[in-house]
Amino acid sequence: MSPRRSRLCASLAALACFAVTAGALCLLYRLDQHPYLVLPDVPPPAGALVQAGDGETVVVVDSDRIRAAAALEDYHQRDSSAAWWNWATQEVGPGRMIEAKALSLQAVSGTRLLIVTRSACRDAADRAVQAARAVMAAGGAVILETPGSAWTSLAGLQLAPKGETGGRITKARDLDLDRFGTPLAGLELPSRRWRVVRREPGVTPLLWIDGQPAAFLRRHGAGIAVSLAVDLGHLWQTWQQGLPDPDLQVRNRYPHRHSLPVETNDLVADRSLLTAETPVADLLEDWLFRIVAREVGLPGWWAYPSAAPGGFVMTHDEEGMGPRAAWMAEAEADWGCPSTNFIVPSPGATREALARYQKAGAAVGLHYVLPAPDGQDYPGSGAGTDGRYRMYGFWRIHPVRRLLDPAEQLAWLEAQGGNVAAVSRTHFLAWSRAYTGLFQALEQAGIRLDSSYGPDIQDQGFLFGTGRPFRPLDARGLPLSIQELPFVSAEDLGGADRGFLQRLMARSAAHAHQVTVVLFHPNAFRWHPSVSNYFTWKKLCEEAREMGLWLTTLPAVDTFARAREQASLKSAVTADTLSVSYAFADGGGTLVLPATWRGAPLLSVVQAGAGTLEYRTADVFGFSVVLVPVPAVEGSLVAQYGHPGDASAASAVPPRVRPDELRLENREPGDGRLGGR
C-alpha cells in the first residue's frame, strides 16, 4: 500500500474512532440526563379468604372457580364474588369467609346473615341448601347471587342459562332514585344480569333494571331469601376498584385529563362518575342491607366512633418541598384539626422536616414515586441521598437507574427519623399498568391503607362510588389485606370549591355517612394562588366539626376499621325482641339497629346490668336506623319492638331518647338544621 493511501486510511480510521467516541459520549450524556429506568417486578398475588372477628355473617365462595376465572385474564369473565366481603364488613363488621364445600349445618351455627356468592351459587350440594334453610328457620337472611337450579326451592325463581351485559337501574323498592341516585339511575351497568324464566307466587321484586325485575325477596317463616339476577359482586368491584381493559391492563381512558401515561382516574368505570356527588356503590350497598336488616332484625357496628355521622380527613402531598411544606400541618394543629401528610422520599425529607410534622401532631405517610414525565419528576441523586432510585454507572455518569419498590422507599423514609405511618398515596396519582400490581406491591411493603384513588385537577367527587375503606381484590380475585379509601378533591381546580365540599360533608352528616377525604397541596398557593381556595382550606375543619363529623387521620380510620372488623357481634330473635351480645376492643363502638322490624317500631333498648340505654335515630339514604353507643367494652342488650298499644309494649321499659338537638335526622344540606353535634 502506498504511503499516501496509508495516511488516508489512518485519517479515516481516526475520524471513525472520533465519531464513535463522540457518539458514545453523547449517548452516555443522554442516558445520564434521561437514564434507562428499570421498574420493580410485580409481586405475586397475596389475597386470601378472610376470618374476621366473632360475627354472625358468613360469605360463601368457591375460590377454585374464582381463580379459574382469573386465569382467563379477561376482566369481563372475572369472578368478583370475593367483593362481597367488602359489603359484609362495611355494613355489619365482623364475619368470616368459607369455601362452598365447607357449607354445612355445623358451619352456619349462629349465623344470621348467609351470603352465597355467584362462585358458590351455580350449583350446590343438598347439605348447603339445608344449611341455608337452617339460617332462615332461626330468623336469619340468605342472599343468593345468581342462583342456579339447586337453589330454586329457596329462591322461588329460575334464571336463564346465559346473562347479558348492560342495562340501567330504573327502580328500587323504598329508594328514591331522584333524590339519591344521581348519577345511579343513568349509569350503564358494567356487569351481567340474567333474565327470569320462571317466578313463583310470593316472590317480591326489589330492584328493576331496564324495567325488568333483577332482585327478589321471598319469606320463609321468620327468615327471608334475597335472590339476585345481577352480578352485584362484579358491579361493586368495578365501581370501587375500577375498570381495566379486558386484558386487565390500565390505559389512559380519559385523554387530556392529566399528563401522565396512567393515573388512578383512568380506572373510573363511567365518565359520569368523574364529577359524582353521590357515592353510588355505597348507596346500593346500604339499600340492600337496610332492606334485609329491617326484615329479620339484623344489627351491625356503626362505621364511626361515638355515633359520629361520618368522618372528615384533611390530607396534604408534600411534593418534595421538605420543611417548607409543614406550614399547613402546623396551622391545623392550632385549630385542633389533625392532618395526614404524604412525604416524597427525596432529599427534602430531612429529619428537620419530619420533626416539624411530629411536633404538630400530624400523621406522616409515604408519597410513593412511580415514573413521571420529564420535568415533572425530581432527578435521582444517587444511593444514600434519595429514596426513589438507585443509580448505576461510573464517576458522575449514571446511564441506568432502578426505581425502588414501595418497601424500599418506605424503609428509606423511615430511616430519616420520625414516625411514618403505614399509609400511602402515589406521587402525581400515577398508577401501574397492571390492574392489581401496585396494590400487591404496597401490601407487600406493609402499607395498611392507601388513598391514591381520586380526582386530579379536572375532576371532583366520588369517582369510585365510595367514601369508605374497602379491600381490593388481587390478580386471582381474592381479597388483599390493604385497604383503599378514595379522596374527593384536589384544591378547587376541578370545581371542588367550598360550596361543593360543604354539600358533600352535609350529605355525609345527613344520610350518606362517608369519610370525606380532601387534598390540599402546600405549594398550591404558589402555582395556583387563590384567596377562595385558602379560605376553603381554613374553614373546612371548623365546618366539619359543626356538622358533628369525626375529625381524624387516615391511620386512625384504618385502626378503627380493623378494630370494628375484629369486634364481636351475635344476635338472636324471639317474639318481638332482638337480643345482642357484643365486644369492641377499647370501647368506642356504636351498634346499629333497625328502627322498625317486621313493621313494628323500636320501643326500648335495655343493657344488661345498666338499665335503659339512650339512643339516636339516623337516616341512611332514606332508611331510618337507631344508633346505640354501647357503654362498655363488652356486654349484651335487648331491643324491644312493638306498637305502643300492644300488650307486649305495655310492659316494655320506656325508651330514653337523646334530646332532639342530638338526634341525627334526615335534613338536606343548606337548611341550617344539621344534626349530629
Side-chain angles (χ1 to χ4, degrees), residues 312-370 372 375-381 385-389 404 406 409-410 412-430 447 449-452 454-457 487 489-493 496 517-531 533-541 551-555:
F312 176 82
V313 178
M314 176 72 73
T315 69
H316 306 299
D317 293 351
E318 171 260 3
E319 307 296 10
M321 291 178 63
R324 295 175 298 155
W327 68 274
M328 297 187 87
E330 291 169 339
E332 290 155 353
D334 294 336
W335 307 336
C337 179
S339 65
T340 305
N341 300 264
F342 295 105
I343 311 298
V344 173
S346 71
T350 62
R351 291 184 179 275
E352 175 195 355
L354 295 175
R356 287 181 62 177
Y357 288 110
Q358 189 168 358
K359 184 178 179 181
V364 169
L366 173 66
H367 205 29
Y368 176 60
V369 177
L370 281 95
Q376 295 189 14
D377 192 65
Y378 303 97
S381 52
T385 58
D386 193 292
R388 296 159 293 167
Y389 306 107
L404 300 185
Q409 292 195 22
L410 181 61
W412 186 93
L413 189 60
E414 289 174 335
Q416 310 314 303
N419 183 20
V420 181
V423 296
S424 66
R425 174 177 291 149
T426 64
H427 190 34
F428 289 106
L429 308 182
I447 297 296
L449 185 142
D450 178 74
S451 186
S452 300
D456 203 341
I457 60 175
F487 65 98
S489 69
E491 270 74 41
D492 58 358
L493 299 180
V517 183
V518 300
L519 165 60
F520 287 83
H521 293 81
N523 60 347
F525 301 100
R526 176 174 60 84
W527 51 264
H528 179 63
S530 168
V531 173
N533 190 47
Y534 173 80
F535 281 105
T536 296
W537 161 68
K538 189 172 182 179
K539 290 291 185 180
L540 275 180
C541 288
L551 269 64
T552 187
T553 64
L554 289 176

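For the atom pair CG (Asp317) and NE2 (His521), the distance works out to 4.0 Å, reported to the nearest 0.5 Å. Note that NZ of Lys538 and CG of Leu540 are 13.0 Å apart. Values are rounded to the nearest 0.5 Å. For the atom pair OG (Ser530) and CZ (Phe535), the distance works out to 10.5 Å, reported to the nearest 0.5 Å. Distance check, rounded to the nearest 0.5 Å: NZ of Lys539 to OH of Tyr534 gives 10.0 Å. Separating the CG atom in Leu410 from the CG atom in Leu366 is a distance of 5.5 Å, to the nearest 0.5 Å. Taking CG of Asn419 as the reference point, atom OH of Tyr357 lies at 14.5 Å (rounded to 0.5 Å).
Side-chain contact between Trp335 and Leu551 is absent, with no heavy atoms from C-beta onward closer than 4.5 Å. Using a 4.5 Å heavy-atom threshold, the side chains of Val313 and Thr552 count as touching. Side-chain contact check for Val518 versus Phe312: some heavy-atom pair is nearer than 4.5 Å. Using a 4.5 Å heavy-atom cutoff, the side chains of Pro522 and Met321 are in contact. With contacts defined as side-chain heavy-atom distances shorter than 4.5 Å, the pair Pro323/Thr350 qualifies. Residues Glu319 and His367 meet the side-chain proximity criterion, which asks for heavy atoms closer than 4.5 Å. Looking only at side-chain heavy atoms (C-beta outward), Pro455 and Phe487 come within less than 4.5 Å of each other. Residues Phe520 and Glu491 meet the side-chain proximity criterion, which asks for heavy atoms closer than 4.5 Å.
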Walk me through whether Tyr368 and Ile447 qualify under side-chain contact (heavy atoms from CB on, under 4.5 Å). CA-CA 11 Å; Tyr368 176 60; Ile447 297 296; over 6 Å; no
Can you check side-chain contact (heavy atoms from CB on, under 4.5 Å) on Phe428 and Asp456, steps first, answer last? CA-CA 8 Å; Phe428 289 106; Asp456 203 341; over 6 Å; no
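Put simply, the side chain of Ser489 never gets that close to the backbone of Ala496: no donor and acceptor are under 3.5 Å apart. The backbone N or O of Thr315 lies less than 3.5 Å from no partner atom in the side chain of Ser339, so there is not a single donor-acceptor pair. With Glu318 contributing its side chain and Gly322 its backbone, the two residues share a donor-acceptor pair below 3.5 Å. Looking only at distances, a side-chain donor or acceptor of Ser452 sits under 3.5 Å from a matching main-chain atom of Thr426.
What you find for Val420 and Glu414 is that their closest heavy atoms are CB-CG, 3.9 Å. Minimum interatomic distance between Ala362 and Ala329 (heavy atoms only, all atoms of both residues): CB-CB, 4.0 Å. Closest non-hydrogen pair, Leu354 versus Leu413, comes out as CD1-O, 4.0 Å. In terms of heavy-atom proximity, Gln416 sits nearest to Arg351 at O-CG, 2.8 Å. Between Pro555 and Thr340, the closest heavy-atom pair is CD-OG1, 4.0 Å. In this structure, Ser451 and Leu554 approach most closely via the heavy-atom pair CB-CD1, 3.9 Å.
Side chains of Glu332 and His316: a donor-acceptor N/O pair is present below 3.5 angstrom, by distance only.
Note: Phe525 and Trp537 have tilted aromatic rings, judged against thresholds of 30 and 60 degrees for the angle between ring planes.
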